[in-house]
Amino acid sequence: MSEGLLIFDCDGVLADTERDGHLVAFNQMFDELGIPLHWSDDEYAKLVHIGGGKERLASVVTPDVRERLRLPADDEELRQVLARWHQVKTRRYKELVASGALPGRPGVKRLIAEALRAGWKVAVASTSAHESVVAVLQQVVGADLAEQVHVYAGDIVPHKKPASDIYRYALDTLEFEPQDAVVIEDSGIGCQAATAADIATIVTVSSYTKDDDFTGASLVLSDLGEPGRPVTVLANSARVPVPEFVNVATLDAVREQRS
């Protein structure tokens, strides 16, 4: 087939960032700002089903929390407060990334390099803050490869995942039709967003998502695999051959089956 568009989600796909990155950074932010909140692993496992960090913060600001923390009664003022909190969290998160605490997942750097050599466009589409996504991408694949990857993230679209906005934005901006693209996701809401955009989707499950609903995914895998470190196939609704590791031929097979 002709060259295509390969789109990666960031969190849980480029690196398994949620438990050892975002959760840690949120709690560090609470401590730094003297906010009497602390999210447990179990609590955060539920929050990851909300797309966007500011949206996760907003979801726990119940009327009781709002009163207890003396947060503004005006909704717009509250959004500004949460945005300031999130800026601190983003700084903390970037420090964690720079420390090397969040290594890339198997096969990510290899597949990005292979796809670029084969003439594919490669993008990252995420609901996380743009600077956080860029930091992870550069850490995982290196500066040279990262410069060749288009990044669409943060608040550039009206609705975050599970809405399909971010994937439709990437398609429109890079001038591709859905049938010419493949998405790599890790979560149920990400899979829902990608398939709602009518894009063939490969899921590589991450620490919080193994029990998610991946309806519509062409493949569900343990990861992308590496030579000598084969993938585990968890579901294969596309009925395509899955080699030891995902490569451009795998992307073509999934895309061809979807179209």
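This is a predicted model, so every value here is computed, not measured.
Here the CG atom belonging to L57 is positioned 10.0 Å from the CG atom belonging to L78, to the nearest 0.5 angstrom. Distance OG1/T127 to CG/D11: 7.0 Å, rounded to 0.5 Å. Separation of atoms CG (L234) and CZ (F214) is listed at 8.5 Å; rounding is to 0.5 Å. Rounded to the nearest 0.5 Å, atoms CG (L224) and CG (N247) are 10.5 Å apart. One finds the CG atom of D42 at 5.0 Å from the OG atom of S40 (value rounded to the nearest 0.5 Å). With rounding to the nearest 0.5 angstrom, the CD atom of E55 is 3.5 Å from the NZ atom of K160.
In this structure, S237 contributes its side chain and A217 its backbone to a donor-acceptor pair below 3.5 Å. In terms of modelled atom types and a separation under 3.5 Å, the side chain of T173 and the main chain of A170 share no donor-acceptor contact. Side chain of E114 to backbone of V248: a donor-acceptor contact under 3.5 angstrom is found. Remark: side-chain polar atoms of E226 are paired, donor with acceptor, to backbone N or O of G107 under 3.5 angstrom. Using a distance-only test at 3.5 Å, with no hydrogens or angles considered, no donor-acceptor pair links the side chain of D16 to the main chain of R105. In terms of modelled atom types and a separation under 3.5 Å, the side chain of R56 and the main chain of L47 share a donor-acceptor contact. A donor-acceptor contact shorter than 3.5 Å is absent between the side chain of Q138 and the backbone of A135. At least one donor-acceptor pair under 3.5 Å links the side chain of R168 to the backbone N or O of A196. Looking only at distances, no side-chain donor or acceptor of S126 sits under 3.5 Å from a matching main-chain atom of D9. The main-chain N or O of G225 is found under 3.5 Å from a side-chain atom of R110 such that the two form a donor-acceptor pair.
Side chains of E177 and I199 form no contact here, defined as non-hydrogen atoms less than 4.5 Å apart. At a threshold of 4.5 Å between non-hydrogen side-chain atoms, the residues R91 and E32 count as touching. Side-chain contact between T90 and M29 is absent, with no heavy atoms from C-beta onward closer than 4.5 Å. I7 has its side chain out of reach of I184: every pair of non-hydrogen atoms, C-beta onward, lies at least 4.5 Å apart. The shortest side-chain heavy-atom distance between L251 and I202 falls under the 4.5 Å cut-off. In this structure the side chain of L221 never reaches within 4.5 angstrom of the side chain of V205, judged on heavy atoms. Residues L14 and V136 meet the side-chain proximity criterion, which asks for heavy atoms closer than 4.5 Å. Side-chain contact check for P36 versus L69: some heavy-atom pair is nearer than 4.5 Å.
Annotation for K54: atom NZ counts as buried by contact number, over 12 foreign heavy atoms lying within 6.0 Å. The number of heavy atoms from other shown groups lying within 6.0 Å of CD (E76) is above 12.
A donor and an acceptor atom, one from each side chain of T215 and D213, are located under 3.5 Å apart. Side-chain contact check for E131 and Y93: no donor-acceptor pair (N or O, by modelled atom type) lies under 3.5 Å. Side-chain contact check for T209 and D212: no donor-acceptor pair (N or O, by modelled atom type) lies under 3.5 Å.
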Stepwise, does the side-chain contact (heavy atoms from CB on, under 4.5 Å) test hold for L23 with D41? CA-CA 8 Å; L23 173 57; D41 189 71; 4.1 Å; yes
Do V151 and H130 pass the side-chain contact (heavy atoms from CB on, under 4.5 Å) test, and can you show the C-alpha distance, the side-chain angles, and the key distance before you say yes or no? CA-CA 8 Å; V151 176; H130 187 276; 3.8 Å; yes
Check the pair R79 / L82 against side-chain contact (heavy atoms from CB on, under 4.5 Å), numbers first and verdict last. CA-CA 5 Å; R79 280 191 287 271; L82 296 183; 5.8 Å; no
Applying side-chain hydrogen bond (donor to acceptor under 3.5 Å, both in side chains), run through D223 and T204 and close with a yes or a no. CA-CA 5 Å; D223 50 56; T204 56; over 6 Å; no
Salt bridge (Lys or Arg N to Asp or Glu O under 4.0 Å) evaluation trace for R66 with D75: CA-CA 11 Å; R66 202 165 181 165; D75 287 344; 2.9 Å; yes
Worked check of side-chain contact (heavy atoms from CB on, under 4.5 Å) between Q257 and R239: CA-CA 8 Å; Q257 188 277 338; R239 301 180 184 276; over 6 Å; no
Does the side-chain hydrogen bond (donor to acceptor under 3.5 Å, both in side chains) test come out yes or no for D64 and T62, once each step is laid out? CA-CA 5 Å; D64 176 66; T62 61; 4.9 Å; no
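Nearest heavy atom pair, residue F176 against residue E3, reads CE2-O, 4.4 Å. Pairing each heavy atom of S164 with each of A197, the nearest pair is CB-N, 3.9 Å. Scanning all heavy atoms of the two residues, the minimum distance from P243 to P241 falls at CD-O, 3.7 Å. Of all heavy-atom pairs between A129 and H86, the closest is CB-CE1, 4.1 Å. What you find for V65 and V60 is that their closest heavy atoms are CG2-O, 3.5 Å. When all heavy atoms are compared, the tightest approach of A125 to Y167 is CB-CE2, 3.8 Å.
Applying the side chain to side chain contact (heavy atoms under 4.5 Å, CB included) criterion to V149, with sequence neighbours excluded, gives I112, V122, V124, L137. Evaluation of the side-chain hydrogen bond (donor to acceptor under 3.5 Å, both in side chains) rule for H159 yields D165 as partners, not counting sequence neighbours.
Linking ILVMFWY side-chain heavy atoms closer than 4.5 Å, directly or via other members, places V231 and F8 in a single hydrophobic cluster.
The residues E185 and K161 are annotated as salt-bridged, a charged nitrogen and a carboxylate oxygen being separated by less than 4.0 angstrom. Note on R92 versus D31: no salt bridge recorded, every NZ/NE/NH1/NH2 to OD/OE distance being 4.0 Å or above.
Note: Y152 and H150 have parallel aromatic rings, judged against thresholds of 30 and 60 degrees for the angle between ring planes. Using cut-offs of 30° and 60° on the angle between ring planes, the pair F30 and W85 is perpendicular.
When V246, V242, V183, V240 are each tested for a side chain to side chain contact (heavy atoms under 4.5 Å, CB included) with V254, only one passes: V240.
In this structure, R19 satisfies the cation-pi test against Y208, with its NZ or CZ atom closer than 6.0 Å to the six-membered ring centre and inside 45 degrees of the ring normal.
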